[in-house]
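Have a look at the structure below, then the notes.
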There are 2 protein chains.
Amino acid sequence: MGSKKILLVEDDPNFGTVLKDYLALHDYNITHAKDGIEGLIEFKNNDFDLCILDVMMPRKDGFSLAADIRSTNKEIPIIFLTAKTMKEDVLKGYQVGADDYLNKPFDSEVLLFKIKAILQRKESDSNKESDEFEFNIGKFFFNSKLRHLSFDGGENQKLSPKESKLLKMLAVHKNDLMPRELALTKIWRDDNYFTSRSMDVYIAKLRKYLKSDEKVEILNIHGEGFRLVEN
Amino acid sequence: MGSKKILLVEDDPNFGTVLKDYLALHDYNITHAKDGIEGLIEFKNNDFDLCILDVMMPRKDGFSLAADIRSTNKEIPIIFLTAKTMKEDVLKGYQVGADDYLNKPFDSEVLLFKIKAILQRKESDSNKESDEFEFNIGKFFFNSKLRHLSFDGGENQKLSPKESKLLKMLAVHKNDLMPRELALTKIWRDDNYFTSRSMDVYIAKLRKYLKSDEKVEILNIHGEGFRLVEN
DNA sequence: TGAGTTTTTAAGGATTTTTTAAGAAAATTA
DNA sequence: TAATTTTCTTAAAAAATCCTTAAAAACTCA
């Protein structure tokens, strides 16, 4: 399982540090960002299970950050922290897609329970992550951990990290649709025009590697994603 | 879609009635139970989308009721209402599996947003791969997710998004009327002269794909819609 | 019959995908 | 640290796919 990764975005250094330590003490793996901009950068560079966002922050407030986070990940739970008990804030929070809301000062134990409850909820839903790393694809043998692709009587093709992750994701969904969006959000951590182009480049590379077995194909499903088929 | 069914369990008759009317006004289908026992009976006799439970109640309190509800349904969202701001209560609520928590007096609009947020969350979860995507149509096998149509000994015909959605809708209504208006509002998102022409173009395409099995036909019902028949 | 509805083909424009190539960034090696 | 290699992104043009619109012919129903 491993400890859950939480992104904490809080500009008050005292409060933020205390909260970070408190949560770390309870076996959560906390990344503490000092403002919204830093928070967004951390979010894009990591794979978090939960976000805790202060609402009032310099440079980029919690709502704006949440909106950016939601634009690349519609699933990740978000908890807002706020000093004011303003109705508009609460409503805005829920509109952005908050999973919960806490008014400062709050009881830290309550926060802990909320975190636990929310993570449990998500747990039961999404257990699609695969830790398999050995795949048979037509005549090929693919090891995603060692990042190599081989076949009897052929060279051992080494794959780059991105090549390997993409092929793994295709292999996990073998003969089924691998949505473009899934690969972009999970591997490229962002779903936009450029990452999408980049992904296409990698699909082309993989096709080249797999070319020598004409039973194996990576088909495109226009507007949806790709499909690794084995005839 | 239909309006969402909510179970409201609240022993205070004044507050309960007002809340019921308020929620009913916002297009929710409310069942109001006066205490925990009655609430449990209602729960077992109906199919609710959400529960709103008062904590302090005679005969059977909200936590006990929630535990009973959870024992038969681990998915249904539960919101607790409480007069006291007692930490123990909040913790207990989350332990039982609360989705949210509101202290009385609360702003009704906030409750409305919480309900909306929670139901949306469930919506997006359950809609992941809820509905069918594999159909048999005469000699054909149709997969609407992979957007292809195949039959033994024949090529694999790829379908465009619109072709696939339309054929799926016909297949769902197989041997029955698929109203023209339904396809236009659901697939084309607009019902006017041009979308209707466009739909006819797609019906023609589907007929071409299905031509090789003369047992399969798409019939027009003048002024009504179409019917996919399998003789 | 004649007005409205359906069927079909085809052209165009918009969007998405594919591919090659160049250069920036990161990692590795000397 | 500098040089080299590998990895990844960006750019851009060509190809493929998708959808709408148009228009003419066929059909249906009153």
Side-chain angles (χ1 to χ4, degrees), chain A residues 41 44-45 144 146-149 155-170 177-211 217-229, chain B residues 144 146-149 155-170 177-184 186-211 217-229:
Chain A
I41 292 168
K44 296 212 169 181
N45 290 328
S144 64
L146 300 176
R147 301 210 315 258
H148 69 199
L149 182 69
E155 285 282 295
N156 196 345
Q157 174 64 54
K158 292 205 269 184
L159 301 182
S160 80
K162 280 239 163 55
E163 288 169 350
S164 183
K165 280 186 195 167
L166 183 58
L167 183 55
K168 176 182 174 180
M169 191 168 278
L170 285 164
L177 171 69
M178 180 207 68
R180 181 181 276 275
E181 194 206 332
L182 181 69
L184 290 175
T185 54
K186 293 276 176 192
I187 301 175
W188 273 264
R189 326 218 118 271
D190 198 3
D191 180 355
N192 62 41
Y193 174 80
F194 293 111
T195 53
S196 203
R197 263 350 81 240
S198 186
M199 173 173 164
D200 287 336
V201 170
Y202 277 82
I203 290 288
K205 292 179 186 200
L206 293 181
R207 282 186 174 131
K208 208 166 280 179
Y209 294 147
L210 299 171
K211 199 167 47 185
E217 273 179 298
I218 298 176
L219 301 180
N220 173 255
I221 299 177
H222 199 99
E224 298 286 336
F226 294 90
R227 189 156 82 97
L228 175 66
V229 294
Chain B
S144 65
L146 300 178
R147 298 211 317 255
H148 70 200
L149 182 69
E155 284 285 295
N156 197 344
Q157 175 62 54
K158 293 207 270 183
L159 302 182
S160 81
K162 280 240 163 52
E163 290 168 352
S164 183
K165 281 184 194 165
L166 183 58
L167 182 54
K168 177 180 174 180
M169 191 169 278
L170 286 164
L177 171 69
M178 181 206 68
R180 181 182 277 274
E181 193 208 333
L182 181 68
L184 289 175
K186 292 277 176 192
I187 301 174
W188 274 264
R189 324 213 120 269
D190 195 5
D191 180 355
N192 62 40
Y193 173 80
F194 291 113
T195 54
S196 202
R197 260 353 78 237
S198 188
M199 173 172 163
D200 288 336
V201 170
Y202 278 83
I203 291 287
K205 292 180 185 199
L206 293 181
R207 282 185 174 131
K208 203 169 283 179
Y209 295 147
L210 299 171
K211 200 167 46 185
E217 274 178 299
I218 298 176
L219 302 181
N220 174 254
I221 299 174
H222 198 95
E224 299 286 335
F226 296 90
R227 192 156 81 93
L228 175 66
V229 295

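Every value quoted in this text rests on a predicted model; they were computed, and no experiment measured them. Values below: all heavy atoms of this structure, side chains included; hydrogens, waters and symmetry mates excluded.
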Problem set entry | A:D190 CG - D:dT9 C1' separation (whole Å) | 13 Å

Problem set entry | Protein-nucleotide distance (B:E224, atom CD; D:dT28, atom P), rounded to Å | 15 Å

Exercise. Is A:S198 touching bases, backbone alone, or none of the nucleic acid, heavy atoms closer than 4.0 Å?
Worked result: base

For this session: Return the 5'-most residue of the pair B:N220, A:L219 with respect to DNA chain C, ranking by each residue's nearest nucleotide.
Result: B:N220

Problem set entry | Candidate nucleotides D:dT17, C:dT19, D:dT21, ranked by approach to the side chain of B:V201 - the nearest | D:dT21

Problem set entry | Nucleotide nearest A:A204 (side chain, heavy atoms from C-beta), chosen from D:dT9, D:dT20, C:dT19 | C:dT19

For this session: Determine the contact category for B:D200: base if any of its heavy atoms lies under 4.0 Å from a base atom, sugar-phosphate if only primed atoms, P, OP1 or OP2 are that close, otherwise nothing.
Result: base

For this session: Begin with the C-alpha distance, continue with both residues' side-chain angles, and end with the deciding distance and a verdict on side chain to side chain contact (heavy atoms under 4.5 Å, CB included) for B:H148 and A:R227.
Result: CA-CA 12 Å; B:H148 70 200; A:R227 189 156 82 97; 3.5 Å; yes

For this session: For A:R207 and A:I218, indicate whether the former's side chain and the latter's backbone hold a donor-acceptor pair under 3.5 Å.
Result: yes

Seminar exercise, completed: Rounded to whole Å, OH of B:Y209 lies from P of C:dT8 at a distance of 14 Å

Problem set entry | N or O in side chain of B:W188 less than 4.0 angstrom from D:dT20 OP1/OP2 | yes

For this session: Give one of base, sugar-phosphate or nothing for B:Y193, where a contact means two heavy atoms less than 4.0 Å apart.
Result: nothing

For this session: May I have the distance from B:I221 (atom CD1) to D:dC27 (atom P), rounded to whole angstrom?
Result: 19 Å

Exercise. Under the 3.5 angstrom rule, does the side chain of A:T195 hit a backbone N or O of A:D190 as a donor-acceptor pair?
Worked result: yes

Exercise. Counting only side-chain N and O atoms of B:R180, is one of them less than 4.0 Å from OP1 or OP2 of C:dT6?
Worked result: yes

Exercise. Would B:L228 and B:L206 satisfy side chain to side chain contact (heavy atoms under 4.5 Å, CB included), going step by step from the backbone distance to the final call?
Worked result: CA-CA 10 Å; B:L228 175 66; B:L206 293 181; over 6 Å; no

For this session: Please step through side chain to side chain contact (heavy atoms under 4.5 Å, CB included) for the pair A:R180 and A:D200, ending with a clear verdict.
Result: CA-CA 10 Å; A:R180 181 181 276 275; A:D200 287 336; 2.8 Å; yes

Problem set entry | Distance in angstrom units between B:F226 CZ and C:dT7 P, rounded | 5 Å

Exercise. Base, sugar-phosphate alone, or nothing: which one does B:K208 contact when heavy atoms must sit under 4.0 Å apart?
Worked result: sugar-phosphate

Exercise. Does B:S160 have a side-chain nitrogen or oxygen under 4.0 Å from the phosphate oxygens OP1 or OP2 of D:dC19?
Worked result: yes

Exercise. Using a cut-off of less than 4.0 Å, is there contact between a side-chain N or O of A:K162 and OP1 or OP2 of D:dT6?
Worked result: no

For this session: To the nearest Å, give me how far apart CD1 (B:I203) and C1' (D:dC19) are.
Result: 16 Å

For this session: Could you work out which one of D:dC18, D:dC29, D:dT7 sits closest to the side chain of B:H222?
Result: D:dC29

Seminar exercise, completed: B:R197 atom CZ is separated from D:dA24 atom P, nearest whole Å, by 15 Å

Exercise. At their closest point, which heavy atom of A:S144 faces which heavy atom of A:S164, and how far apart are they?
Worked result: O-OG, 3.1 Å

Exercise. Rounded to whole angstrom units, what separation is found between the CD1 atom of A:I187 and the P atom of D:dT7?
Worked result: 16 Å

For this session: Tell me whether the OP1 or OP2 atom of D:dC8 has a side-chain N or O from A:K205 closer than 4.0 Å.
Result: no

